[in-house]
Amino acid sequence: MKTRIITAVVGIVVLIGVLFTFDTLIFNLVITAITLIALHEIYAALGFEKQGWPLLGALVPYTFLIMLSSYELFRRLVMPASFLVVLFYAIYLVVRNGTISYQKASGLAMFSGIVIFCFYSFIRLKELLPVEEYGYDAVFFILLILCFAWGGDTCAYFAGRAFGKHKLCPVVSPKKTVEGAIGGVLGTMVFGVAATLIYSIAADRMEAFTRSNIGVSMYVVIALLACVAAVLGIYGDLFASVVKRQCGIKDYGTIFPGHGGILDRFDSVMFIAPFVTMVITAVFYQ
């Protein structure tokens with residue numbers, strides 16, 4: 001537990017440092033680096049032989065391109081690059097027929113797509129809500145996404161320990177309980193509304209944040225958003241657990257002592273980040 005706490009504190013400090021670079025190219029590059037580590041964790045978990053490294057290699061420049069697509073020059077290349085990556089995977093499977101598993105290659109492509117989509121959501125927020133026009137709203141929503149995921153995890157953990165009796169998904173994750181999941185959902189809603197209230201006051205955004213374009217109080221929308229996000233966080237966690245169980249591993253990596261790898265720490269973020277990004281930008285910034 002001591003190791004986990006120390007790692008969490010260091011992680012928070014690093015996160016704050018990264019957010020200070022939000023309005024620069026450095027932020028995009030840091031997100032790219034985190035994504036590439038996660039992709040390598042997927043590749044390692046799936047147990048590819050040496051002949052499989054080009055499949056991961058093809059994703060490296062593609063990930064850079066996606067994360068830099070907030071710049072017009074790179075955005076124009078996304079569609080042709082996506083086609084070339086898919087074509088390369090198909091050709092490589094034909095050329096390496098018998099030595100490269102279609103199942104593993106498909107798993108790498110699907111899981112990598114989910115991870116890239118997740119982390120690109122942070123870049124998309126930066127693109128849609130520039131600091132010059134919206135202040136640090138995008139930074140707040142990135143923190144809100146992490147609050148939904150990690151705050152929900154924390155509440156679920158303590159609620160499960162205190163009240164847990166009924167297993168949620170015993171085959172995939174034996175320790176998760178229905179009571180813990182409910183506690184996670186309720187806790188996420190409280191965290192989300194509290195964080196929004198604090199930011200709206202601290203950043204002098206109260207007037208802008210109290211009414212939305214659909215005529216509903218933002219706090220009601222945030223509470224509903226948090227409820228759905230909490231469920232998506234649970235599914236993200238279960239999805240990552242299914243892959244780990246089928247691959248026969250305990251953790252995806254060791255980059256975070258006591259916590260595991262990037263995917264172990266961001267599994268609950270995977271589906272929350274794109275969902276929140278799409279809803280927030282569609283409801284409040286049209």
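Listed here is the closest heavy atom pair of V172 and S241: CG1-CB, 3.7 Å. In plain terms, the two heavy atoms of Y92 and P54 that are nearest each other are OH-CG, 3.3 Å. For the residue pair L146 and L15, the shortest heavy atom distance occurs at CD1-CD2, 3.8 Å. The two residues L225 and V276 have their closest heavy-atom pair at CD2-CG1, 4.0 Å. Among all heavy-atom pairs drawn from L56 and H40, the shortest one is CD2-CD2, 3.9 Å. Taking each heavy atom of I249 and A45 in turn, the nearest pair found is CD1-CB, 3.6 Å.
Both M270 and L108 sit in one connected hydrophobic cluster of ILVMFWY residues. Membership requires side-chain heavy atoms under 4.5 Å apart, directly or through other members. No chain of hydrophobic side-chain contacts below 4.5 Å, direct or via other Ile, Leu, Val, Met, Phe, Trp or Tyr residues, connects V185 to V221. Clustering ILVMFWY residues whenever any of their side-chain heavy atoms sit less than 4.5 angstrom apart, transitively, puts V18 in a cluster other than the one holding I12. V228 and L186 sit in two unconnected hydrophobic clusters of ILVMFWY residues. Membership requires side-chain heavy atoms under 4.5 Å apart, directly or through other members. Cluster membership check: M110 shares its hydrophobic cluster with V60, using side-chain heavy-atom separations under 4.5 Å among Ile, Leu, Val, Met, Phe, Trp and Tyr.
Using a distance-only test at 3.5 Å, with no hydrogens or angles considered, a donor-acceptor pair links the side chain of W150 to the main chain of R265. Side chain of T7 to backbone of P257: a donor-acceptor contact under 3.5 angstrom is found. The closest donor-acceptor contact from the side chain of Y252 to the backbone of A240 lies under 3.5 Å. Checking side-chain atoms of S173 against main-chain N and O of C169 turns up no donor-acceptor pair under 3.5 Å. Looking at E179, its side chain never comes within 3.5 Å of a backbone N or O of A159 through a donor-acceptor pair. A donor-acceptor contact shorter than 3.5 Å links the side chain of T177 to the backbone of G180. Side chain of K167 to backbone of P174: a donor-acceptor contact under 3.5 angstrom is found. When atom types are taken as modelled, the side chain of E41 and the backbone of L263 share a donor-acceptor pair closer than 3.5 angstrom. Under the 3.5 Å distance criterion, the side-chain polar atoms of K175 are left unmatched by any main-chain donor or acceptor of Y157. In this structure a side-chain-to-backbone donor-acceptor pair under 3.5 Å is present from Y89 to L55.
Once rounded to the nearest 0.5 Å, the distance linking OG1 of T281 with CZ of F141 reads 9.5 Å. A distance of 10.5 Å separates OG1 of T277 from CD1 of I123, quoted to the nearest 0.5 Å. Note: F148 CZ to D153 CG = 13.5 Å, rounded to the nearest 0.5 Å. Note that the OG atom of S82 and the CG atom of L77 stand 10.0 Å from one another [nearest 0.5 Å]. Taken from CZ in R76 to CZ in F74, the straight-line distance is 12.0 Å, to the nearest 0.5 Å. Here I34 contributes atom CD1 and L39 contributes atom CG; the two are 12.0 Å apart, rounded to the nearest 0.5 Å.
The salt bridge (Lys or Arg N to Asp or Glu O under 4.0 Å) test applied to E49 returns no partner, not counting sequence neighbours. By the salt bridge (Lys or Arg N to Asp or Glu O under 4.0 Å) test, R75 is found to be paired with E72, E127, residues two or more places apart in sequence or in another chain being considered.
With hydrogens and angles left out, the side-chain atoms of D237 and S268 include no donor and acceptor closer than 3.5 Å. No side-chain donor-acceptor contact under 3.5 Å links Y120 and T35. Side chains of Y43 and S112: no donor on one and acceptor on the other come within 3.5 Å. Side-chain contact check for Y199 and D137: at least one donor-acceptor pair (N or O, by modelled atom type) lies under 3.5 Å.
Counted within 6.0 Å of CZ on F20, heavy atoms from surrounding residues, nucleotides or ligands total 12 or fewer; the atom is thus considered open. Other residues, nucleotides and ligands place no more than 12 heavy atoms under 6.0 Å from the CZ atom of F64. In F48, the CZ atom is crowded: over 12 heavy atoms of neighbouring residues, nucleotides or ligands sit closer than 6.0 Å. Few gaps surround CZ on F88; more than 12 heavy atoms of other groups in view lie less than 6.0 Å from it. No more than 12 heavy-atom neighbours from other residues, nucleotides or ligands sit within 6.0 angstrom of CD1 on I26.
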Salt bridge (charged side-chain N to carboxylate O under 4.0 Å, His left out) between K244 and D264: does it pass, once the steps are laid out?
CA-CA 10 Å; K244 284 193 290 187; D264 296 295; 3.1 Å; yes
Would you check, one step at a time, whether the test side chain to side chain contact (heavy atoms under 4.5 Å, CB included) holds for N97 with L93?
CA-CA 6 Å; N97 181 36; L93 280 172; over 6 Å; no
Side chain to side chain contact (heavy atoms under 4.5 Å, CB included) evaluation trace for I42 with V243
CA-CA 9 Å; I42 298 170; V243 176; over 6 Å; no
Take L19 and L143 through the test side chain to side chain contact (heavy atoms under 4.5 Å, CB included) and record every step on the way to the result.
CA-CA 9 Å; L19 290 177; L143 290 174; 3.5 Å; yes
Kindly indicate, with the supporting measurements, whether the criterion side chain to side chain contact (heavy atoms under 4.5 Å, CB included) is fulfilled by Y136 and L129.
CA-CA 8 Å; Y136 288 96; L129 306 178; over 6 Å; no
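By the 4.5 Å heavy-atom criterion applied to side chains, I142 and F22 are counted as neighbours. Counting heavy atoms from C-beta on, the side chains of K104 and I100 never come closer than 4.5 Å.
In summary, the aromatic rings of F27 and F122 are positioned with their centroids too far apart to meet the 6.0 Å limit.
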